[in-house]
Amino acid sequence: MRKKIVAGNWKMNMNLQEGVALAKELNEVLTADKPNCDVVICTPFIHLATVAQFLNQDVIGLGAENCADKVKGAFTGEVSAEMVKSTGAQYVILGHSERREYYKETPEILKEKVQLALANGLKVIFCIGESLEEREANKQNEVVKAELEGSVFNLSAEDFAKIIIAYEPIWAIGTGKTATAEQAEEIHAYIRSCVADKYGAKVADDTSILYGGSCKASNAPELFAKPDIDGGLIGGASLKCADFKGIIDAWKK
Ligand code: 13P
């Protein structure tokens, strides 16, 4: 059975002290009131090693928001998958639309990153999703399929099992505009059918597909009730303990 997951993506927020305080608060709250799903926080690189030391990783997983597309060496400013793993983190977000757009990460670059992350024992939260223009031209299915084919459908079935997919329509990220639960379910089911075509029904059935884009405690129950929505990748609402907990608790409703 596939996992239900709520993952936070802190993006470029929180200095070290603020991030450690938030992680400690979440750790206490979720250790006292155990979630009904897997919970992951993906933080800037600088938080990882400190947070890993006190996080109860049976309750909250830890991940990075990116890693390098090279193994090691003269790549000033980059952080490798091996380095991420050495902090105690177990996950990494790859393919976020902000990285594709602002840092020009191509499908080829992402393919390298995915391979290095898996080779170093990290689970990958791989983001896909269309722009507003593409949605208006009814090209969303084409776009998500191409993103899967470009960076993860080269993997063996065994490796693909370590991939969590996050569908994040770009027009819903940080805009307050959520995809309706019906819109999200429709494309999640399509994404699952693409996985089934490539890897078979069993692998597709075991793949967790998360929704991301203005997900909050108020809309999470409706989204998570859909059969092909296995949780959320949360930006803004992962930055406050109560907001994030509210979304996690949607799995208890
Ligand atoms: P928001 O929840 O802030 O819309 O961000 C979603 C996102 O990009 C998570 O990766």
Side-chain angles (χ1 to χ4, degrees), residues 4-14 18-19 22-23 26 37-45 47-48 60-67 84 89 91-103 105 110 113-114 117 122-132 134-135 140 143-144 147-148 151-152 163-181 183-184 187-188 191 208-224 226 229-251:
K4 300 179 276 186
I5 303 169
V6 174
N9 174 9
W10 288 6
K11 307 192 179 181
M12 198 172 74
N13 293 295
M14 305 273 170
E18 291 163 347
L22 174 59
L26 277 169
C37 60
D38 283 10
V39 174
V40 181
I41 53 173
C42 297
T43 77
F45 294 127
H47 299 83
L48 294 173
I60 310 181
L62 180 64
E65 301 171 13
N66 182 28
C67 70
V84 169
Y91 294 84
V92 62
I93 295 174
L94 293 173
H96 196 283
S97 57
E98 288 152 16
R99 298 226 44 103
R100 291 180 193 260
E101 184 179 350
Y102 308 143
Y103 300 96
E105 294 193 357
L110 291 170
K113 292 189 177 202
V114 167
L122 294 168
K123 289 178 208 146
V124 173
I125 301 175
F126 187 74
C127 305
I128 56 178
E130 81 286 355
S131 64
L132 183 58
E134 289 160 342
R135 167 67 61 166
Q140 62 274 15
V143 170
V144 295
E147 286 175 330
L148 292 167
S151 308
V152 292
I163 305 280
I164 296 156
I165 296 172
Y167 167 68
E168 300 202 311
I170 298 167
W171 47 272
I173 296 177
T175 57
K177 217 175 162 183
T178 325
T180 64
Q183 269 174 331
I187 192 154
H188 278 233
I191 292 164
S208 297
I209 308 177
L210 315 184
Y211 169 79
S214 298
C215 184
K216 17 184 201 297
S218 57
N219 56 29
E222 199 189 345
L223 287 160
F224 296 176
K226 294 292 180 194
I229 302 179
D230 306 310
L233 181 58
I234 319 299
S238 72
L239 298 174
K240 284 207 184 110
C241 184
D243 293 349
F244 195 49
K245 173 79 164 41
I247 297 172
I248 292 163
D249 286 347
W251 280 120

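For ligands, and for the atoms within them, numbers begin at 1 and follow the listed sequence. Index from 1, following the sequence. All values derive from a computational prediction rather than experimental measurement.
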* Just which atoms of ligand 1 are under 4.0 Å from any heavy atom in Gly235? -> 1 (P), 2 (O), 3 (O), 5 (O), 6 (C), 9 (C)
* To do: Give a yes or no on whether Glu134 atom CD has more than 12 heavy-atom contacts from other residues, nucleotides or ligands under 6.0 Å away.
  => yes
* Does Asp230 reach the main-chain N or O of Ile209 with its side chain, forming a donor-acceptor pair under 3.5 Å? -> yes
* Asked: Any non-hydrogen atom of Ala172 lying under 4.0 Å from ligand 1?
  -> yes
* **Subset of ligand 1 atoms that lie under 4.0 Å from at least one heavy atom of Glu168** => 6 (C), 7 (C), 8 (O), 9 (C), 10 (O)
* To do: For Leu233, counting its heavy atoms only, list the atoms of ligand 1 lying under 4.0 Å from any of them.
  => 9 (C), 10 (O)
* Structure fact -> If we number the atoms of ligand 1 from 1 as shown, the ones under 4.0 Å from a heavy atom of Gly213 are 4 (O), 6 (C)
* **Shortest non-hydrogen separation from Val92 to Ala117 and the atoms involved** => CG1-CB, 3.7 Å
* Measure from the side-chain N and O atoms of Tyr91 to the backbone N and O of Ile93, and report whether any donor-acceptor pair falls under 3.5 Å. => no
* Starting at CD of Glu147, measure out to OH of Tyr167 and round the result to the nearest 0.5 Å. => 10.0 Å
* CD1 on Ile128 to CD1 on Ile170, rounded to 0.5 Å -> 11.0 Å
* Asked: Going by the order shown, which atoms of ligand 1 are within less than 4.0 Å of some heavy atom of Gly236?
  -> 1 (P), 2 (O), 3 (O)
* Can a non-hydrogen atom of Lys11 be found less than 4.0 Å from any atom of ligand 1? -> yes
* Asked: Which of the atoms of ligand 1 are close to Ser214, meaning less than 4.0 Å from one of its heavy atoms?
  -> 1 (P), 2 (O), 4 (O)
